Amino acid sequence: MIHLVSGGAGLIGSHIIDDLLRKNNKVICIDNFSTGNKKNIIKWLKDDRFKLIEQDITKTIDLEVNRIWHFACPASPTKYKIDPINTSRTSFIGTYNMLELAKKNNARILIASSSEIYGNPKVHPQPESYFGYVNPISKRSCYVEGKRFCESLALDYLRIHKTDIRIARIFNTYGPRMAQKDGRVISNFISQAICGKPIYIYGSGDQTRSFCYVDDLIQGLKKIMDSNYNLPINLGSQEELSILNLAKLIKKKINDNVKIIHMKELEDDPLRRQPDTDLAVKLLKWKAKTLIEDGLELTIKNFLNN
Ligand code: UDP
């Protein structure tokens, strides 16, 4: 089977590629390295089963493929806010291109959506049936609306062209290979603590996230791809943690002497995030297993090695 992984040099894409090649599939990785890192896929560059296409997914592409894993899009708020118009283009045009390719090849396509589609949720935890509470005009909107559009477009391809779509709503994910300058909270806090610098929290730190270890997420994504279910499925950890407690945990693990400094809160920062994963449990028999304590150990080790 030939798999195309868009954004294959990123955290999630590169772990999927490892898994696919371990199972002896052929893999084409498309990445423009805007946020992905060549280091994440370098070990496959000389493998005959692997092909790298260095290209932006907003450019059309013609390939023969059986399955498409569509991850390409900057996902860190720090990164996607730098060039929001391009972030929107990546979601709109990039997803259109990937769906056209799936349609042409009769290929199955898994779209990486996000917990961001729930915005600043008024329902907690968030089930797939919740439509979200989204500000359409904030600085986060380029990503949030982009992901909502991905889902909408994918469902239209299913309804009109019978394209074989799958949709994963991915909650915060972390693990080895996160870029040290990624800008997201776990990489920032680990990098700051390793360098003996203060840990900077935006706002009080009472806001929560539920962090899923990347290996768990990969198992969930594979199960969605292999399922017969076309509608969105939440994938994330049940372990909800405040950002302040995350800072304390990382500080304790790396350097308890670093200070915690509170900065001004970010505009439109969601206050709570926790997936309702009943659907994944029921349909896929999937649940995130790795405790944050253990996942952080492995991630910190990876940061120290780099
Ligand atoms: N955050 C923080 N310090 C940082 C980076 C992030 O306090 O250096 C907070 C941020 O305000 C948010 C949470 O951590 O409440 C998660 O942010 P991140 O950018 O990792 O992802 P998000 O879930 O917001 O997309």
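Residue numbers run from 1 in the order of the sequence given. In each ligand, atom 1 is the first atom listed, and ligand 1 is the first ligand listed. Fair warning: this is a prediction, and the values are worked out from it, not measured in the lab.
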Can Thr208 and Glu240 be counted as having a side-chain donor-acceptor contact under 3.5 angstrom? yes
Are the side chains of Arg49 and Trp44 in contact, using a 4.5 Å heavy-atom criterion? yes
Short side-chain donor-acceptor distance under 3.5 Å, Ser88 and Glu145: no
Please report the closest heavy-atom contact between Phe33 and Ala9, naming both atoms and the distance. CE2-CB, 3.5 Å
Side chain to side chain, Glu128 and Ile233, heavy atoms closer than 4.5 Å: yes
Ignoring hydrogens and angles, state whether a donor on the side chain of Arg177 or Asn302 is under 3.5 Å from an acceptor on the partner side chain. no
Using a cut-off of under 3.5 Å, which N/O atoms of ligand 1 pair up with protein N/O atoms, and what distance separates each pair?
| unit_1 | atom_1 | unit_2 | atom_2 | d |
| --- | --- | --- | --- | --- |
| ligand 1 | 3 (N) | Tyr200 | O | 2.9 |
| ligand 1 | 7 (O) | Tyr202 | N | 2.9 |
| ligand 1 | 8 (O) | Asn188 | ND2 | 2.8 |
| ligand 1 | 11 (O) | Asp269 | OD2 | 2.5 |
| ligand 1 | 15 (O) | Gln207 | NE2 | 3.0 |
| ligand 1 | 15 (O) | Arg209 | NH2 | 3.4 |
| ligand 1 | 15 (O) | Asp269 | OD1 | 3.0 |
| ligand 1 | 15 (O) | Asp269 | OD2 | 2.7 |
| ligand 1 | 20 (O) | Val185 | N | 2.8 |
| ligand 1 | 23 (O) | Asn172 | ND2 | 2.9 |
| ligand 1 | 23 (O) | Arg209 | NE | 2.6 |
| ligand 1 | 24 (O) | Arg140 | NH2 | 3.0 |
| ligand 1 | 24 (O) | Arg209 | NH2 | 3.0 |
| ligand 1 | 25 (O) | Arg140 | NH2 | 3.1 |

